[in-house]
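The structure under discussion appears below in the form of structure tokens.
All values below were derived from every heavy atom in this structure, side-chain atoms included, with hydrogens, water molecules and symmetry-related copies excluded. Note that this is a predicted model, so its numbers are computed, not measured.
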Amino acid sequence: MDSLSRVAVTPQAADLLRRLRAEHGPLMFHQSGGCCDGSSPMCYPLGEFATGPSDVLLGTLDIDGTVDTNGTVDTGGTVDTGGTVDTDAARHEGHQGDEGREGAVPVWMSAAQFEYWSHTHLTIDVVPGRGGGFSLEAPLGVRFLIRSRMLTDEELAALALDQA
């Protein structure tokens with residue numbers, strides 16, 4: 001395994017993200033948890049959703065990347081911190097460089113939601129249906145969704161998570 005990330009994107013979702021980027025500029029995702037639309041990944045113009053100390057940067061999708069053998073788009077090797085990331089600190093640690101890079105889409109999750117999802121790998125996909133009211137894909141008759149799988153013991157160890 002060359003690189004490890006908590007997030008990936010399907011080719012179909014990457015296509016839609018490129019379309020949305022052409023219309024709205026650089027993008028970001030946030031997943032807050034909760035009911036209704038809060039359970040879906042929400043796509044916003046980069047910086048339109050304010051992140052802070054109560055959010056975790058899961059990784060950065062490279063929507064212009066190559067497709068791997070699992071049919072997902074290579075995220076460009078961004079290894080996440082696995083913990084809460086203060087946005088000001090993240091900008092100073094180089095995450096801002098990723099966010100400003102063409103094709104880079106940061107994926108954030110609320111820290112409370114991350115407590116439940118910390119042992120999973122998330123793949124952002126797109127399916128027909130009504131999207132979240134504030135998410136950019138909503139008017140297009142499609143919606144983003146998360147497909148998840150448990151991280152392997154090796155992935156967990158590499159991410160330095162406590163396996164208690």
Side-chain angles (χ1 to χ4, degrees), residues 1-18 27-44 46 49 51-87 89-99 101 103-127 129 131-132 135 137 142-164:
M1 178 178 298
D2 294 339
S3 62
L4 181 61
S5 179
R6 291 185 178 280
V7 293
V9 61
T10 65
Q12 296 81 7
D15 286 345
L16 178 57
L17 287 166
R18 287 188 293 272
L27 305 170
M28 66 179 289
F29 274 104
H30 190 275
Q31 179 147 357
S32 61
C35 69
C36 308
D37 288 340
S39 301
S40 299
M42 304 292 276
C43 183
Y44 301 100
L46 182 63
F49 186 94
T51 56
S54 63
D55 296 296
V56 176
L57 178 62
L58 299 178
T60 304
L61 303 173
D62 181 357
I63 61 172
D64 295 327
T66 58
V67 177
D68 69 17
T69 57
N70 296 321
T72 57
V73 175
D74 180 357
T75 60
T78 300
V79 178
D80 63 273
T81 62
T84 302
V85 177
D86 177 80
T87 53
R91 287 185 183 100
H92 291 103
E93 292 172 7
H95 294 296
Q96 180 62 33
D98 279 346
E99 292 176 6
R101 182 175 45 81
V105 180
V107 179
W108 294 87
M109 179 180 280
S110 71
Q113 182 77 356
F114 183 73
E115 291 292 319
Y116 296 104
W117 291 75
S118 63
H119 292 84
T120 60
H121 179 274
L122 307 176
T123 300
I124 297 175
D125 199 358
V126 64
V127 295
S135 195
E137 83 283 4
V142 294
R143 64 186 179 93
F144 289 111
L145 63 80
I146 293 289
R147 298 191 189 278
S148 64
R149 67 168 175 81
M150 296 298 291
L151 290 166
T152 66
D153 290 341
E154 294 80 19
E155 289 169 325
L156 287 168
L159 290 169
L161 290 176
D162 180 17
Q163 297 183 43

Would you please test Leu58 and Leu122 for side chain to side chain contact (heavy atoms under 4.5 Å, CB included) and show each step? CA-CA 9 Å; Leu58 299 178; Leu122 307 176; 3.8 Å; yes
Apply side chain to side chain contact (heavy atoms under 4.5 Å, CB included) to residues Thr60 and Val105 and explain how you reach the verdict. CA-CA 5 Å; Thr60 304; Val105 180; 5.8 Å; no
Show your reasoning for whether side chain to side chain contact (heavy atoms under 4.5 Å, CB included) applies to Met109 and His30. CA-CA 5 Å; Met109 179 180 280; His30 190 275; 5.9 Å; no
Verify side chain to side chain contact (heavy atoms under 4.5 Å, CB included) between Leu151 and Arg6, making sure each step is shown before the conclusion. CA-CA 9 Å; Leu151 290 166; Arg6 291 185 178 280; 3.6 Å; yes
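Shortest non-hydrogen contact noted between Gln31 and Gln113 is NE2-NE2, 4.2 Å. Residue Ser148 comes nearest to Thr120 through the heavy atom pair CB-CB, 4.4 Å, listed as atom of the first residue, atom of the second, then distance. The two residues Asp55 and Thr51 come nearest to each other via the heavy atoms OD2-CA, 3.3 Å. Pairing each heavy atom of Cys43 with each of Ser135, the nearest pair is N-OG, 2.8 Å. In terms of heavy atoms, Ser5 sits closest to Gly59 at OG-CA, 4.4 Å. In this structure, Pro106 and Leu27 approach most closely via the heavy-atom pair CD-O, 3.3 Å.
Note that OG of Ser110 and OH of Tyr116 are 10.0 Å apart. Values are rounded to the nearest 0.5 Å. Going from atom CG of Asp125 over to atom OG1 of Thr10 covers 3.5 Å, rounded to the nearest 0.5 Å. For the atom pair Met28 CE and Leu61 CG, the distance stands at 12.0 Å (nearest 0.5 Å). Taken from CG in Leu145 to CD1 in Ile124, the straight-line distance is 9.5 Å, to the nearest 0.5 Å. With rounding to the nearest 0.5 angstrom, the CD atom of Glu137 is 6.5 Å from the CG atom of Leu16.
Among residues two or more places apart in sequence or in another chain, the side chain to side chain donor-acceptor pair (under 3.5 Å) test is passed with His121 by none.
For an aromatic pair to be called close, the ring centres must be under 6.0 Å apart, and Phe29 with Phe49 fails this.
With a 4.5 Å cut-off on side-chain heavy atoms, Gln12 and Leu17 do not count as touching. A 4.5 Å side-chain heavy-atom check between Leu159 and Leu4 finds at least one atom pair inside the cut-off.
Between the side chain of Glu155 and the backbone N or O of Thr152 there is at least one donor-acceptor pair closer than 3.5 Å.
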